[in-house]
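Taking it in order: structure first as structure tokens, then the write-up.
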Amino acid sequence: MTSSMILVTGGTGYIGSHACVALAQAGHELLILDNLCNSRADVVDRLEILCGTRPEFIVGDVRDAAALDKLFACYPISAVMHFAGLKAVGDSIEMPLEYYDANVNGTLQLLAAMRRAQVKTFVFSSSATVYGHPASVPVREDSPRSATNPYGRSKLIIEEILDDIHRAEPDWRIARLRYFNPVGADESGLIGEDPQGIPNNLMPFVAQVAVGTRELLNVWGNDYSTPDGTGVRDYIHVVDLAEGHVAALDYLTRKGGLLTVNLGTGKGYSVLDMVKTFEQACGHVIPYKIASRRAGDVAQCWADPSLANELLGWKANRTLKQMCSDAWRWHQGGQTHCRIQSDQ
Ligand code: NAD
Ligand code: UD1
């Protein structure tokens, strides 16, 4: 039996699955807990190929205290990476109770089980959404925080809870990683983002237009005060993001404490930049029309990632072109294969 394992909640999801690959490449043994509400079990087969060994996989819910106690009793878990949660902003406005339950209660149950098991190393998926409408860019970690919807508020609440826990029990080692806009996929095309229903986020929508699932992209506003009038974001390749998690875990193991860092590239690209780069990747035109602004959107948001570079020695290296070509490879092959397999 292995000497220690990382528990990855939400490990069959988009970011969690890429983190599993990066963790395995860094030599970690993995235990995945996922209730499959937004992912498929066959991701584990793909992870087996990418990781070289099959991660342990338990179908279960992070709100299930008894199941968590059993996991901590049965496996030598040394740290937890917590990706499990709900993430659609619009749904969170319609179903706040479900969102607070999955995100806030889920995290509380997990933290309580960790304390019962005396496992105190925790890496949390926070988001640039905690900066609300940023007063200026690039956004630093000490920028004011606010929430504009229940999803964002659930992240803010959890960040505060983690702060309180660390203050009360300084032997906890906690990372709050604030992701900017994760896109792309593993270059193998075996894992990637597979949203259910109509995608809310730009890149999965562009990819679905590119494969022909959707007719055209609505560009939400071209009258922002940005170079081409469309919204500007800090898109980060999901593999760079995954590597940031390994660097954060390594930092916590060496230094301990409460770590709060932005994981972004430090560069902003517009909606039309993304469309053009995706067109180059897929080799054909992506039809779009300009529509009115989406409620709640900010004109521009990109990270100051220098703190992560300084503390973790980590930096996002992959280009916009790689983000689009890797996403395109996944959308062309991986998802179809996934569906064919699960339909059989
Ligand atoms: P995802 O939906 O692909 O992955 C989340 C996984 O958690 C899914 O596999 C789902 O089945 C599982 N899950 C959900 N609730 C669960 C529960 N109660 N118990 C067990 N498993 C559960 O989402 P993702 O994009 O990989 O996001 C991972 C984390 O990163 C989330 O916390 C999200 O809020 C955060 N985040 C995501 C983004 C983004 O743009 N994708 C940006 C910032 C932060
Ligand atoms: C959105 C969420 C944010 C969440 C993040 C996760 C909102 C208001 N914000 O952020 O809370 O943390 O996703 O990644 O939902 N766009 C289009 N057409 C589309 C989709 C998007 O033009 O069909 C534009 C948007 O107006 C924006 C850019 O593309 O300018 C990026 O949008 P999106 O991918 O949804 O990310 P965020 O708005 O940054």
Side-chain angles (χ1 to χ4, degrees), residues 5-16 19 30-39 58-75 77-89 91-130 132 145-179 245 248-249 252 256-261:
M5 292 179 115
I6 312 296
L7 171 60
V8 183
T9 75
T12 47
Y14 174 46
I15 303 170
L30 304 174
L31 167 62
I32 295 172
L33 175 69
D34 201 300
N35 68 2
L36 300 177
C37 71
N38 198 35
S39 56
I58 308 288
V59 179
D61 197 294
V62 288
R63 292 162 292 190
D64 184 343
L68 290 175
D69 284 343
K70 215 166 145 191
L71 279 192
F72 284 105
C74 293
Y75 295 95
I77 298 166
S78 59
V80 177
M81 280 200 187
H82 181 38
F83 297 95
L86 303 179
K87 62 168 183 176
V89 171
D91 289 353
S92 81
I93 295 168
E94 280 166 29
M95 305 182 291
L97 256 182
E98 283 78 359
Y99 267 68
Y100 288 121
D101 184 39
N103 293 359
V104 179
N105 181 32
T107 306
L108 283 175
Q109 295 295 339
L110 181 59
L111 290 165
M114 287 177 68
R115 193 170 57 177
R116 286 194 293 277
Q118 288 297 295
V119 175
K120 293 190 164 186
T121 302
F122 188 72
V123 178
F124 174 62
S125 300
S126 189
S127 166
T129 193
V130 299
R145 287 176 297 160
S146 65
T148 49
N149 53 67
Y151 167 71
R153 198 162 294 111
S154 75
K155 293 291 178 191
L156 266 184
I157 293 169
I158 297 164
E159 283 210 354
E160 295 298 327
I161 290 170
L162 294 173
D163 206 10
D164 288 339
I165 290 176
H166 189 260
R167 200 169 295 122
E169 297 175 35
D171 60 329
W172 279 81
R173 296 161 184 257
I174 296 174
R176 303 184 299 185
L177 304 182
R178 295 180 182 155
Y179 312 159
H245 287 69
L249 181 62
L252 290 183
L258 173 67
L259 169 76
T260 306
V261 289

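All residue numbers in this chain count up from 1 along the given sequence. Just so it is clear, the values below take in all heavy atoms, side chains as well, and ignore hydrogens, waters and symmetry mates.
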Using the test side chain to side chain contact (heavy atoms under 4.5 Å, CB included), find all partners of Asn149 that sit at least two apart in sequence or belong to another chain.
Val89, Ser92, Ile93, Tyr151

Would you say the side chain of Ser78 lies within less than 4.5 Å of the side chain of Val119, judging by non-hydrogen atoms?
no

Inter-residue atom distance Lys87.NZ - Asn38.CG, 0.5 Å rounding
6.0 Å

So, do Arg178 and Glu159 sit near enough that their side-chain heavy atoms are less than 4.5 Å apart?
yes

Tightest non-hydrogen contact, residues Gly257 and Leu252, listed as O-CD2, 4.0 Å

Minimal non-hydrogen separation, Lys155 against Ser125, with atom names:
NZ-O, 2.8 Å

N/O donor-acceptor pair under 3.5 Å between Thr9 side chain and Ala84 backbone
yes

Mind checking whether Trp172 and Phe122 have parallel, tilted or perpendicular rings, split at 30° and 60°?
perpendicular

Can you name the side chain to side chain contact (heavy atoms under 4.5 Å, CB included) partners of Thr12, sequence neighbours left out?
Ile32, Asp34, Leu36, Ser39, Val43, Val44, Phe57

Option among Asp64, Val8, Leu68 that satisfies the side-chain contact (heavy atoms from CB on, under 4.5 Å) test with Leu33:
Leu68

Please report the closest heavy-atom contact between Ile174 and His166, naming both atoms and the distance.
CD1-CB, 4.2 Å

Between Ile77 and Leu31, does a side-chain contact (heavy atoms from CB on, under 4.5 Å) hold up when you go through it step by step?
CA-CA 8 Å; Ile77 298 166; Leu31 167 62; 3.8 Å; yes

Among all residues two or more places apart in sequence or in another chain, which pass the side chain to side chain contact (heavy atoms under 4.5 Å, CB included) test with Glu94?
none

Could you grab the distance from atom CG of Asp101 to atom CE of Met95, nearest 0.5 Å is fine?
11.5 Å

Thr260 and Leu162, any side-chain heavy atoms less than 4.5 Å apart
no

Please lay out, stage by stage, how Ile161 and Thr107 fare under the test side-chain contact (heavy atoms from CB on, under 4.5 Å).
CA-CA 9 Å; Ile161 290 170; Thr107 306; over 6 Å; no

Leu7 CG to Thr121 OG1 distance, which is reported to the nearest 0.5 Å
12.0 Å

Closest non-hydrogen atom pair, Glu160 against Arg145:
OE2-NH2, 2.9 Å

Ring pair (Phe, Tyr, Trp, His ring centres under 6.0 Å) against Phe124, all qualifying residues, sequence neighbours excluded:
none

Close side-chain approach of Val62 and His82, heavy atoms under 4.5 Å:
yes

Considering all heavy atoms, the nearest Phe72-Ala117 contact:
CB-CB, 3.5 Å

First locate atom CG of Leu111, then atom CZ of Arg116, and finally report the distance between them rounded to the nearest 0.5 Å.
10.5 Å

Taking the side chain as everything from C-beta on, heavy atoms only, tell me whether Asp163 gets closer than 4.5 Å to Arg176.
yes

Do the non-hydrogen side-chain atoms of Asn103 and Ile157 ever get within less than 4.5 Å of each other?
no

By side chain to side chain contact (heavy atoms under 4.5 Å, CB included), Ala147 pairs with (sequence neighbours left out) Arg153, Leu156

Set out, in order, the CA-CA distance, both residues' side-chain angles and the distance that settles side-chain contact (heavy atoms from CB on, under 4.5 Å) for Leu177 and Val261, then state yes or no.
CA-CA 5 Å; Leu177 304 182; Val261 289; 3.5 Å; yes

Going by heavy atoms in the side chains, are Cys37 and Asp61 under 4.5 Å from each other?
no

Heavy atoms, side chains only, cut-off 4.5 Å: are Asn35 and Arg63 in contact?
yes

Nearest 0.5 Å, please: how far is CG in Leu30 from CE in Met81?
9.0 Å

According to ring pair (Phe, Tyr, Trp, His ring centres under 6.0 Å), who are the partners of Tyr99, at least two apart in sequence or on a separate chain?
none

Has Arg115 got more than 12 heavy atoms of other residues, nucleotides or ligands less than 6.0 Å from its CZ?
no

